[in-house]
Amino acid sequence: MCLAIPARLVELLPGEQAIVNLGGIRKTISIALIDSVEVGDYVIVHVGHAIGKIDPEEAARTLAMFGELAEAGSEPVSPPMKAAA
Amino acid sequence: MKYIDEFRDGDIARKIGARLAEEVQPARQYSFMEFCGGHTHAISRYGIAEMLPPNVRMVHGPGCPVCVLPIGRIDLAIKLALEFGVIVCTYGDTMRVPASNSLSLVKAKARGGDIRMVYSAADALEIARQNPEREVVFFAIGFETTTPPTALAIRDAQRAQLKNFSVLCCHVLTPSAITHILESPEVRQYGTVPIDGFVGPAHVSIVIGSQPYEHFSDEYRKPVVIAGFEPLDVMQAVLMLVRQVNEGRAEVENEFSRVVSREGNLQAQALVSEIFELRTTFEWRGLGEVPYSALKIRPSYAQFDAECRFDLRYQPVADNKACECGAILRGVKKPTDCKIFGTVCTPENPVGSCMVSSEGACAAHYSYGRFRDIPVVVESI
């Protein structure tokens with residue numbers, strides 16, 4: 001039910017419609033629920049509607065957080081950061 | 001695919017798992033509820049349960065719209081098809097949910113009901129356009145993610161002055177369900193269902209933002225981490241929750257910042273509030289009547305409200321006695337605590353709603369987890 005997937009916007013159509021590319025599959029969706037999208041943006045598509053835009057900088061930041069963690073994990077165990085009591 | 005594959009990297013998952021093992025306090029038990037069925041599905045499918053330390057337990061929540069839909073609501077849709085002869089359009093997930101009189105939407109279709117599976121509310125609208133001589137009802141279910149597309153369909157139907165389209169609205173609200181769980185005796189009375197924090201919904205939060213959860217961290221002192229549905233997102237969210245518990249914090253944190261903001265999708269929210277208003281109460285499967293937990297169509301759009309148009313009256317129907325879906329949805333029982341799990345009730349022949357949707361706790365455990373329950377025995381010959 002909550003299946004929603006990131007897809008790249010490849011073409012804007014009239015009537016608040018657009019074509020997205022989902023890993024090679026092209027599908028027409030509605031973009032009436034989001035404002036200011038451009039070709040090349042990644043959107044989250046749910047039941048045929050784009051419901052949100054992916055922020056590439058935030059995505060990179062989240063991945064970097066995993067990356068830092070991966071590096072930290074390979075080093076000797078360090079105690080977690082704690083707020084001063 | 002971009003934004004999917006990189007969030008499924010097994011090596012990084014193992015490293016987050018190792019980090020979790022380092023950071024959990026061995027003497028403590030951690031119980032976190034993942035509200036969304038999407039997270040339940042990810043936890044089972046990607047083996048996340050195995051990668052968590054033994055003292056971290058995930059409690060499955062009621063966040064699957066198919067699972068929480070009570071029988072009486074499906075009965076209304078079936079009545080529309082069989083008694084009123086309307087074309088009922090619905091999402092695929094609802095088709096097999098058992099209803100009264102051994103029926104389901106798919107069985108009602110076999111008995112001649114014109115019931116059509118659609119991918120989106122817009123498709124239902126298109127069917128109404130193509131069949132001007134027939135009444136078309138969209139059986140709308142779902143949380144805040146699916147509500148804006150339904151609102152859009154109603155707005156478009158009004159703009160096009162469609163006379164034969166209406167919606168049987170069963171849209172429900174996430175924050176009220178979480179409040180209800182926190183207020184339930186099982187959670188409030190110590191020991192029955194301990195909940196130390198929530199993994200917050202991914203796609204629902206795209207629409208409503210992270211702000212509505214601040215109430216849970218402020219009033220109930222429960223940490224909430226909003227997380228995406230990919231396995232690394234879930235692992236990272238659990239790590240963030242463990243850190244909050246260890247540090248005695250109760251805050252709303254956003255792991256899914258690539259799409260979720262604090263205020264959410266304002267455009268979608270404005271459309272939803274134009275078309276819908278709060279119901280004073282709505283019955284959920286497993287949770288009973290939950291006040292202010294669902295939406296109905298505003299009186300100014302009453303011509304698109306199937307309940308008004310066909311004068312429908314909701315009748316509550318008791319669940320099958322052997323089925324434990326109710327307790328499972330509240331986190332009180334696990335799928336394996338149910339006598340009929342995997343025997344009478346399977347994804348091919350579901351008795352309860354948790355077995356119908358692939359995001360239901362029972363279906364997820366049946367598909368990906370049930371062999372975990374069987375101890376591995378190696379015999380030497």
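For clarity, every value in this text was computed on a predicted model and none was experimentally measured. Quick note on labels: first sequence line is chain A, next is B, and so on, each numbered from 1.
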Inset, instruction - Return yes if some donor-acceptor pair links the side-chain N/O of Asp55(A) with the main-chain N/O of Ser257(B) below 3.5 Å, else return no. - result: no

Legend entry - Close side-chain approach of Tyr42(A) to Val259(B), heavy-atom, < 4.5 Å: no

Inset, instruction - Find the distance between CZ (Phe66(A)) and NZ (Lys15(B)) and round it off to the nearest 0.5 Å. - result: 14.0 Å

Legend entry - Arg258(B) versus Glu58(A), closest heavy-atom pair with distance: CA-CB, 3.6 Å

Inset, instruction - Report the option among Ala268(B), Gly37(B), Gly228(B), Pro149(B) that has the most heavy-atom pairs separated by less than 4.5 Å from atoms of chain A. - result: Pro149(B)

Inset, instruction - Under the salt bridge (charged side-chain N to carboxylate O under 4.0 Å, His left out) rule, what do Glu255(B) and Arg61(A) come out as? Steps first, then yes or no, please. - result: CA-CA 10 Å; Glu255(B) 186 277 339; Arg61(A) 207 167 291 151; over 6 Å; no

Legend entry - Between NZ on residue Lys2(B) and CZ on residue Arg8(A), distance to nearest 0.5 Å: 10.0 Å

Legend entry - Minimal non-hydrogen separation, Leu22(A) against Met1(B), with atom names: C-SD, 3.6 Å

Legend entry - Toward chain A, the part of Leu232(B) with a non-hydrogen atom under 4.5 Å: both

Inset, instruction - Spell out, as yes or no, whether a donor-acceptor pair under 3.5 Å connects the side chain of Asn265(B) to the backbone of Ile34(A). - result: no

Inset, instruction - Tell me, for Asp9(B) versus chain A, whether the close heavy atoms (under 4.5 Å) come from the side chain, the backbone, both or neither. - result: neither

Inset, instruction - Spell out, as yes or no, whether a donor-acceptor pair under 3.5 Å connects the side chain of Gln267(B) to the backbone of Ala32(A). - result: yes

Inset, instruction - For chain B, find which of Ser30(A), Gly52(A), Pro6(A) contributes the most heavy-atom pairs closer than 4.5 angstrom. - result: Pro6(A)

Legend entry - Close side-chain approach of Tyr119(B) and Lys27(A), heavy atoms under 4.5 Å: yes

Inset, instruction - Dump the intermediate steps for side-chain contact (heavy atoms from CB on, under 4.5 Å) on Leu63(A) and Phe7(B), then the final yes or no. - result: CA-CA 8 Å; Leu63(A) 284 169; Phe7(B) 292 92; 3.8 Å; yes

Inset, instruction - Report the distance from atom CD of Glu6(B) to atom OG1 of Thr62(A), rounding to the nearest 0.5 Å. - result: 10.5 Å

Inset, instruction - Report the distance from atom CE of Met65(A) to atom CD1 of Ile16(B), rounding to the nearest 0.5 Å. - result: 8.0 Å

Legend entry - From CD1 (Ile206(B)) to CG (Leu33(A)), nearest 0.5 Å: 11.5 Å

